[in-house]
Amino acid sequence: MSTTSRPNARTAPSVRKEGAPPGRGTAGGRRRREFTTRRGLVIAAFMAPAAVFVAVFTYYPMIAGSQMAFRNWNLTDLTDTSWVGWKNFTEVFTDPAWSTVVDNTLLWVVGSIVPQLVIGFAIALWLRRRFRFRGLYQALIFFPWAISGFLIGILFRWLFNSEFGVVNDLLQKAGLIDEPVAWLADPQTAMTAVLIANVWYGVTFFAIMILAALQSIPDELYEAAALDGAGKARTLFRITIPYIRVTLALTVLLRVIWIFNFPDLIFGMTGGGPNDETHIVTTWMIKITQQGDYGKASALGLLVVAVLLVFAVFFLLATRERRGGRGTRERGARA
């Protein structure tokens, strides 16, 4: 009579039903710690110093500066800080320099973004190719982004100097000009000089962001396009740009926010001169602050914050679209 041996309970391997969630004792299971009041207090204690620091040095100055915009707050007479309502905003809009500042700001943003995007895109396409010393070229191209904007402004102030600047020297040797040009002293050329400096400074950021996006494009798409006989222009506008369009939108929006709120380079080169012809909104706000009119400067600061909030909303919407598109692609890949 044959007997079938039954597995011992101590030695039999534990079998988990397929599809059942892993238990606490399995290797794949993760034990979640219960959230208790004590643990919450510990977390709050660790977060408290950072919260206090941000509240004291960020939110309090913002609130205090905001209420200055509606008061008569001038360092020349601190005995009268009465509530004046929208008076400071009215003085900003009726100031003779306001129209010039607005025009300069639009020119500063658009005239910087478009060349930076085009040149940065071209550099990113070039760096995507494999060639000798590509890493060295990348380091040289990305290096300017590590330098302060104010230092870049001082550097270009020397380059555009009318007496011993390198720019005039090169243009004279090339036969393009007969005599030195007073780039930073002439209102007609000063804005052009600061735009050239900002384009040189910001191309690096576009090159970095676009190169990272280009490296995520599968090579199979380009191989399929080559087999179909698509040229470089068609591949660029049918594959490359559509694939990284969200990254391009995010980069442009982020750069618009930074350039709009970027007075460092202008202060390093011209200080807003000559005759306030290179002032943008943020540099003009700093000038008004230096004159002691904190009420008017605060009103102008609130206008800057309002504009930046609009661009920030567009940036967040574009970020949400990017996350949604990525999630759709991942679900399609799993399917």
Side-chain angles (χ1 to χ4, degrees), residues 106-149 152 155-156 194-226 228 230-262 264-265 308 310-330 332-333:
L106 294 175
L107 179 61
W108 172 249
V109 175
V110 178
S112 299
I113 287 292
V114 175
Q116 287 179 5
L117 174 61
V118 175
I119 300 174
F121 199 104
I123 293 175
L125 289 174
W126 175 59
L127 291 177
R128 191 179 186 273
R129 302 167 55 190
R130 296 186 180 276
F131 55 88
R132 294 184 61 184
F133 306 111
R134 185 178 69 165
L136 177 61
Y137 282 108
Q138 288 180 353
L140 292 176
I141 291 174
F142 298 161
F143 175 73
W145 191 248
I147 305 177
S148 168
I152 295 295
L155 172 64
F156 273 87
V194 296
L195 282 174
I196 292 174
N198 196 32
V199 168
W200 180 86
Y201 181 61
V203 160
T204 297
F205 178 77
F206 276 96
I208 294 172
M209 299 296 292
I210 296 175
L211 178 60
L214 290 176
Q215 291 175 344
S216 66
I217 302 178
D219 294 332
E220 291 79 5
L221 295 178
Y222 293 109
E223 294 174 358
D228 291 340
K232 293 183 178 180
R234 188 174 181 182
T235 302
L236 176 64
F237 290 101
R238 293 295 183 90
I239 296 178
T240 304
I241 293 180
Y243 198 92
I244 64 172
R245 63 182 181 84
V246 178
T247 301
L248 291 176
L250 288 173
T251 306
V252 169
L253 286 173
L254 188 61
R255 196 73 185 113
V256 166
I257 295 173
W258 286 354
I259 291 178
F260 187 85
N261 194 30
F262 183 57
D264 309 33
L265 192 145
L308 293 180
V310 173
F311 284 106
V313 169
F314 283 111
F315 180 81
L316 293 176
L317 292 177
T319 306
R320 181 181 302 176
E321 179 184 352
R322 181 178 184 180
R323 290 198 300 264
R326 180 182 301 175
T328 303
R329 289 196 297 269
E330 290 178 354

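What you see is a predicted model; the values in this text were computed from it and never measured.
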Supply the atom-to-atom distance [X] [atom1] to [Y] [atom2], rounded to the nearest 0.5 angstrom.
X	Y	atom1	atom2	answer
Thr235	Ile241	OG1	CD1	11.0 Å
Leu125	Ile210	CG	CD1	8.0 Å
Trp200	Ile119	CH2	CD1	12.5 Å
Leu214	Trp126	CG	CH2	14.5 Å
Leu248	Ile244	CG	CD1	4.0 Å
Phe121	Leu211	CZ	CG	11.0 Å

Is any side-chain heavy atom of [X] less than 4.5 Å from a side-chain heavy atom of [Y]?
X	Y	result
Leu127	Phe142	yes
Tyr201	Ser112	no
Thr240	Tyr222	yes

> When you look at Ile217 and Arg128, which way does the side-chain contact (heavy atoms from CB on, under 4.5 Å) test go after all the steps?
Replying inline: CA-CA 11 Å; Ile217 302 178; Arg128 191 179 186 273; 4.3 Å; yes

Quick check: closest heavy atoms across [X] and [Y], and the distance to 0.1 Å?
X	Y	result
Leu236	Pro242	O-CD, 4.1 Å
Ala213	Thr247	CB-CG2, 3.7 Å
Ala124	Ala207	CB-O, 3.9 Å
Phe156	Ala197	CG-CB, 3.6 Å

> With under 30° as parallel and over 60° as perpendicular, where do the rings of Phe260 and Phe311 fit, or are they tilted in between?
Replying inline: tilted

>> Given Ile259, which partner from the list Leu265, Val110, Val109 fulfils the side chain to side chain contact (heavy atoms under 4.5 Å, CB included) test?
In response: Val109

> Should we say atom CZ of Arg234 is surrounded by more than 12 heavy atoms from elsewhere, each under 6.0 Å from it?
Replying inline: no

>> Would you say that more than 12 heavy atoms from the other residues, nucleotides or ligands in this model lie under 6.0 Å from the CZ of Phe205, or not?
In response: yes

>> Between Arg255 and Phe206 (side chain of the first, backbone of the second, donor and acceptor by atom type, cut-off under 3.5 Å), is there such a pair?
In response: no

>> Check whether Gln116 reaches the backbone of Val252 with its side chain - one donor and one acceptor, N or O, closer than 3.5 Å.
In response: no

